[in-house]
Amino acid sequence: MPCMPCALPTGGLLPHPQHTMMEIANVSSPEVFVLLGFSARPSLETVLFIAVLGFYVVSILGNGIIILVSRMDVHLHTPMYFFLANLSFLDMSFTTSIVPQLLANLWGPQKTISYGGCVVQFYISHWLGATECVLLATMSYDRYAAICRPLHYTVIMHSQLCLGLALASWLGGLTTSMVGSTLTMLLPLCGNNRIDHFFCEMPLIMQLACVDTSLNEMEMYLASFVFVVLPLGLILVSYGHIARAVLKIRSAEGQRKAFNTCSSHVAVVSLFYGSIIFMYLRPAKSTSHEQGKFIALFYTVVTPALNPLIYTLRNTEVKSALRHTILENCCGSAGELAQI
C-alpha cells in the first residue's frame with residue numbers, strides 16, 4: 001500500500017509497476033536527514049561549538065586516562081575498577097557517536113546527515129544508552145557486596161561473575177537496540193526528513209513515520225521498563241541496604257570511609273538518571289522541546305566529561321594510581337635518558 005494516494009497520469013494509463021515501486025522506495029527512505037538542532041538560535045551556535053568541543057576533549061582524555069590507569073596499576077585490578085573502565089569506554093563511545101556530527105552541524109551551514117549515518121547513530125546511541133543503565137545497576141550491586149558483605153566480597157564478586165555481568169550489560173543493550181532500532185528503520189517515512197534535534201533519536205524518527213507506530217511504541221515502552229526502570233529499582237534497593245549498613249557502623253571514620261566508597265557512583269547515577277527523569281517528566285509547554293535539546297546536550301556531552309572528573313577528584317585510589325603511573329613513567333624515561 002503506497003504512503004500517499006497516486007493520481008492517474010494524463011490519458012488514464014497506469015504507471016509502470018517497476019517505476020511505481022522505485023518512486024515509493026525513494027519517497028519512503030530519504031537520502032539525507034536535516035538535523036535542525038539549534039539552528040533557530042544561530043547566535044548560540046559558535047558558543048555551543050566551543051563548549052561542546054571542550055567537553056568532548058575532556059571526555060576523551062579523562063575517560064582514556066581512567067582506562068589506562070585501571071589497566072596499568074595492579075592496585076586497581078578489582079571489580080570496582082573493572083566496571084569503571086567499562087563505563088569509561090562506554091562514555092567515550094557514546095559521546096563519539098554524537099559529537100563529531102554535532103560539531104560539523106554547529107560549525108557549517110549544512111545541517112544534514114546521511115540516511116546511513118543517521119541509522120548508525122541511533123543504533124549505537126540506543127545500544128550504549130541501554131548498556132549504561134544496566135552497567136550502573138551492576139556497579140551498585142558491586143558496592144552493595146563490598147559494604148554489606150565485606151567478608152565474602154572476593155568470593156561473591158569473582159572474576160567470572162564480573163566478566164559475565166559486563167557481557168550481560170553490553171549484550172542486553174545491543175539486543176534491545178537491534179530490535180527497537182530495526183523496527184524503527186522499517187517504518188516508511190514518506191519523504192519526511194526534518195528532525196528537530198541535534199542527533200538521530202529513535203522516538204523522533206518514529207514521529208516522521210506516515211503509518212501507525214503502535215507496535216514500535218509498545219516495544220519502546222517495554223524496553224524502557226526493562227532497561228531503565230528495573231535497573232533504577234535495583235540501584236535504589238542496593239543503596240537502601242547500603243544506607244542501612246552504614247548507619248549500623250558505630251565509628252565516624254568507618255561511616256566516612258563507606259560513604260567515600262559509594263559517593264562517586266552515587267554522583268554519576270544522579271547525573272545520568274536525573275537528566276533522563278527531568279527530560280521525560282518536564283511539563284508539556286511550547287518551550288519544552290527547546291529545553292529538551294539542552295537537557296539532551298547535558299547527558300550526551302557534559303555527563304561523559306564529568307564522570308572521569310568525579311571518579312578522579314573524589315577517589316583517593318585513582319588519584320594515587322595516577323600519580324604513581326605518571327611518576328613511574330617520568331622516572332623511567334629519565335633513567336633511560338641518563339643511561340644513554
Side-chain angles (χ1 to χ4, degrees), residues 59 63 66-67 70 78-98 121-148 153 156-184 201-203 218-242 262 264-280 296 299-300 303-304 306-308 310-311:
S59 175
N63 286 296
I66 285 182
I67 294 172
S70 298
T78 63
M80 175 180 173
Y81 295 105
F82 169 73
F83 293 126
L84 177 57
N86 274 267
L87 180 64
S88 295
F89 179 72
L90 187 151
D91 281 340
M92 289 175 63
S93 304
F94 181 66
T95 192
T96 299
S97 72
I98 294 171
Q121 193 175 75
F122 72 69
Y123 262 99
I124 293 178
S125 61
H126 189 187
W127 171 25
L128 299 179
T131 300
E132 182 156 2
C133 292
V134 181
L135 190 59
L136 289 174
T138 301
M139 295 173 75
S140 71
Y141 176 73
D142 171 67
R143 294 300 82 208
Y144 159 78
I147 293 176
C148 299
Y153 177 69
I156 296 173
M157 300 302 296
H158 53 83
S159 57
Q160 289 86 354
L161 178 63
C162 293
L163 183 60
L165 289 173
L167 283 174
S169 301
W170 288 95
L171 292 177
L174 179 61
T175 301
T176 188
S177 175
M178 292 297 291
V179 174
S181 300
T182 301
L183 288 174
T184 303
E201 196 175 26
M202 197 170 73
M218 188 182 304
E219 187 279 332
M220 185 177 67
Y221 290 135
L222 178 62
S224 298
F225 177 77
V226 174
F227 287 92
V228 178
V229 178
L230 283 184
L232 179 58
L234 291 173
I235 290 170
L236 294 176
V237 169
S238 296
Y239 277 102
H241 287 289
I242 289 172
C262 301
S264 298
H265 183 253
V266 170
V268 169
V269 169
S270 300
L271 282 174
F272 181 75
Y273 274 102
S275 57
I276 290 178
I277 291 171
F278 191 73
M279 175 85 176
Y280 291 102
Y299 72 77
T300 56
T303 300
L306 292 180
N307 287 353
I310 290 170
Y311 274 101

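Because only heavy atoms are used, hydrogens play no part in the values below, and waters and symmetry mates are left out as well, while side chains stay in.
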Which pair of non-hydrogen atoms, one from Leu136 and one from Val268, has the smallest distance, and what is that distance? CD2-CG1, 4.0 Å
Mind checking the OG-OH spacing from Ser238 to Tyr141? Nearest 0.5 Å is all I need. 8.5 Å
If I compare all heavy atoms of Met92 with all of Thr95, which pair ends up nearest, and what's the gap? O-CG2, 3.4 Å
Between Ser70 and Ile67 (side chain of the first, backbone of the second, donor and acceptor by atom type, cut-off under 3.5 Å), is there such a pair? no
Taking all non-hydrogen atoms of both residues, which atom of Ser59 and which atom of Pro304 are closest, and how far apart? OG-O, 3.4 Å
CA sep, side-chain torsions, deciding dist, call: Tyr144, Ser140, side chain to side chain contact (heavy atoms under 4.5 Å, CB included): CA-CA 6 Å; Tyr144 159 78; Ser140 71; over 6 Å; no
Any donor-acceptor pair under 3.5 Å linking the side chain of Gln121 with the backbone of Ser97? yes
Answer yes or no: are there more than 12 heavy-atom neighbours, outside Phe89 itself, under 6.0 Å from its atom CZ? no
What heavy-atom pair brings Cys148 and His241 nearest, and what distance separates the two atoms? SG-O, 3.6 Å
Using the side chain to side chain contact (heavy atoms under 4.5 Å, CB included) rule, take Phe94 and Thr131 through it: C-alpha gap first, then chi angles, then the decisive distance, then the call. CA-CA 10 Å; Phe94 181 66; Thr131 300; over 6 Å; no
Extract all donor-acceptor atom pairs below 3.5 Å that involve side chains of residues 218-237 and protein atoms in other chains or at least two apart in sequence.
from, atom 1, to, atom 2, distance (Å)
Ser224, OG, Met220, O, 2.8

Look up atom CE in Met80 and atom SG in Cys162, then write down how far apart they are to the nearest 0.5 Å. 12.5 Å
Over all heavy atoms of both residues, which pair between Pro79 and Met157 is shortest? Give the atoms and the distance, please. CG-O, 3.6 Å
Please evaluate residues Leu165 and Leu161 with respect to the criterion side chain to side chain contact (heavy atoms under 4.5 Å, CB included), reporting the C-alpha separation (whole Å), side-chain torsions for both, the decisive distance (0.1 Å), and the verdict. CA-CA 6 Å; Leu165 289 173; Leu161 178 63; 3.9 Å; yes
Could you state the interatomic distance from OG1 (Thr300) to CG (Asp91), rounded to the nearest 0.5 Å? 11.0 Å
Value for OH (Tyr81) from CG (Asp142), rounded to nearest 0.5 Å, stands at 10.5 Å
Quick one: closest heavy-atom pair of Ile156 and Ala145, and the distance? CG2-CB, 4.4 Å
Criterion ring pair (Phe, Tyr, Trp, His ring centres under 6.0 Å) against His265, the qualifying member of Phe272, Tyr239, Tyr311: Tyr239
If only atom types and distance count, is the side chain of Asn86 paired as donor or acceptor with the main-chain N or O of Phe82 below 3.5 Å? yes
Mind checking the CD-OG1 spacing from Glu132 to Thr138? Nearest 0.5 Å is all I need. 11.5 Å
Could you label the plane-to-plane angle of the Trp170 and Trp127 rings as parallel, tilted or perpendicular, counting under 30° as parallel and over 60° as perpendicular? perpendicular
Measuring from atom CG of Leu271 to atom CD1 of Ile276, what distance do you get when rounded to the nearest 0.5 angstrom? 11.0 Å
Just by modelled atom types, is the Tyr123 backbone N or O under 3.5 Å from a matching donor or acceptor in the Ser177 side chain? yes
